[in-house]
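Comments concern the structure below.
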Amino acid sequence: MRNSAAKKDANRQLILQAAGRLFREKGIEQVGVADVMRAAGMTHGGFYRHFSDKSDLATQAISQAVAVQQEAAINGAPGIPALAESYLTSEHRDSIASGCVFAALGSEAARGHDASRAAMSQAIRSQIDFLAAGAAGKTDEQRRQIAVGSWSAMIGALILSRISEDASLSEEILHETKGWLLSQQTSISADRP
């Protein structure tokens, strides 16, 4: 008996979620289709009913993970300070498999397939637009500059804190970047008329 459309969609979502976690945790190139299907609780043979190949899976898994990440940002407290408070934490640093897609896969995606890069590029634009809308600048150009700089600093700090084998340096990177971002926002807000 064939799976119903609802069951097929549910299975597809399980595969995408498993792939998103594994890709962030180990990297796209280090994870095989069989690994993803096993993590989703399915057999390898069912993969091609859902995706044309691994790059199709990677593109769709990245898109879904980014959408979940953006929804959480939208539903969270607004603004760059709130994002910095939740993003620049040791918990986020230590949760690679469920954390920021850009920090986990950015450098790999830069060398990846065009479709994956396009999906991430669109998500970058969307995230910058979202952050700029709530930034404390006086003009649209200033708000966009603040959004780009702040988000880039957060991603860079998270990556550097993950790289460091020195726990104290890792914490310092998170703490000081968060402090710097919050001081920047306070300074900009104080300058507003």
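Numbers for residues simply follow the sequence, beginning at 1. The structure displayed is predicted, hence computed values, not measured ones.
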Between [X] and [Y], which heavy-atom pair has the shortest distance, and what is it?
X    : Y    : result
I173 : A157 : CG2-O, 3.4 Å
R24  : G20  : NE-O, 3.0 Å
F23  : A58  : CE1-CA, 3.6 Å

Point to revise | Q122 CD: over 12 foreign heavy atoms closer than 6.0 Å | key: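 Yes, enclosed.
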Check your understanding: Is D114 atom CG crowded by more than 12 heavy atoms from other residues, nucleotides or ligands, each under 6.0 Å away?
Key ->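 Check fails, neighbour count at 12 or below.
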Rounded distance [0.5 Å steps], [atom1] in [X] versus [atom2] in [Y]:
X    : Y    : atom1 : atom2 : answer
S161 : E172 : OG    : CD    : 11.5 Å
Q145 : D140 : CD    : CG    : 13.0 Å
R144 : D129 : CZ    : CG    : 5.0 Å
S98  : E25  : OG    : CD    : 9.5 Å
T89  : E171 : OG1   : CD    : 9.0 Å
S86  : H92  : OG    : NE2   : 8.0 Å

Check whether [X] and [Y] end up in the same hydrophobic cluster, where Ile, Leu, Val, Met, Phe, Trp and Tyr are linked by side-chain heavy atoms less than 4.5 Å apart.
X    : Y    : value
V68  : L14  : no
F130 : Y87  : yes
L181 : I128 : yes

Between [X] and [Y], is any pair of side-chain heavy atoms under 4.5 Å apart?
X    : Y    : answer
L57  : L16  : yes
Q127 : I155 : no
D94  : R162 : no
M154 : I80  : yes
L158 : C100 : yes

Review point. Does a side chain donor of either D53 or S55 reach within less than 3.5 Å of an acceptor in the other side chain?
Key: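 Yes, because at least one side-chain N or O of D53 sits under 3.5 Å from a partner of the opposite role on S55.
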Practice item. Go through the structure and list residues passing side chain to side chain donor-acceptor pair (under 3.5 Å) with S126, not counting sequence neighbours. Key: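 Checked S126 against side chain to side chain donor-acceptor pair (under 3.5 Å); matches are Q70.
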Exercise for review: Using side chain to side chain donor-acceptor pair (under 3.5 Å) as the criterion, list what pairs up with T177, not counting sequence neighbours.
Suggested key: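 Side chain to side chain donor-acceptor pair (under 3.5 Å) list for T177, sorted by chain: empty.
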Less than 3.5 Å apart, which donor and acceptor atoms pair up between the side chains of residues 27-48 and the rest of the protein, not counting sequence neighbours?
unit_1	atom_1	unit_2	atom_2	d
D35	OD1	R38	NH2	2.8
D35	OD2	G32	N	2.8

Exercise for review: Decide yes or no on side-chain contact (heavy atoms from CB on, under 4.5 Å) for F102 and Q69, but give the supporting numbers first.
Suggested key: CA-CA 10 Å; F102 299 99; Q69 184 176 318; 3.7 Å; yes
Exercise for review: State whether the side chain of Q142 and the backbone N or O of T139 hold a donor-acceptor pair below 3.5 Å, judged by distance alone.
Suggested key: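 Such a contact is found between Q142 side chain and T139 backbone.
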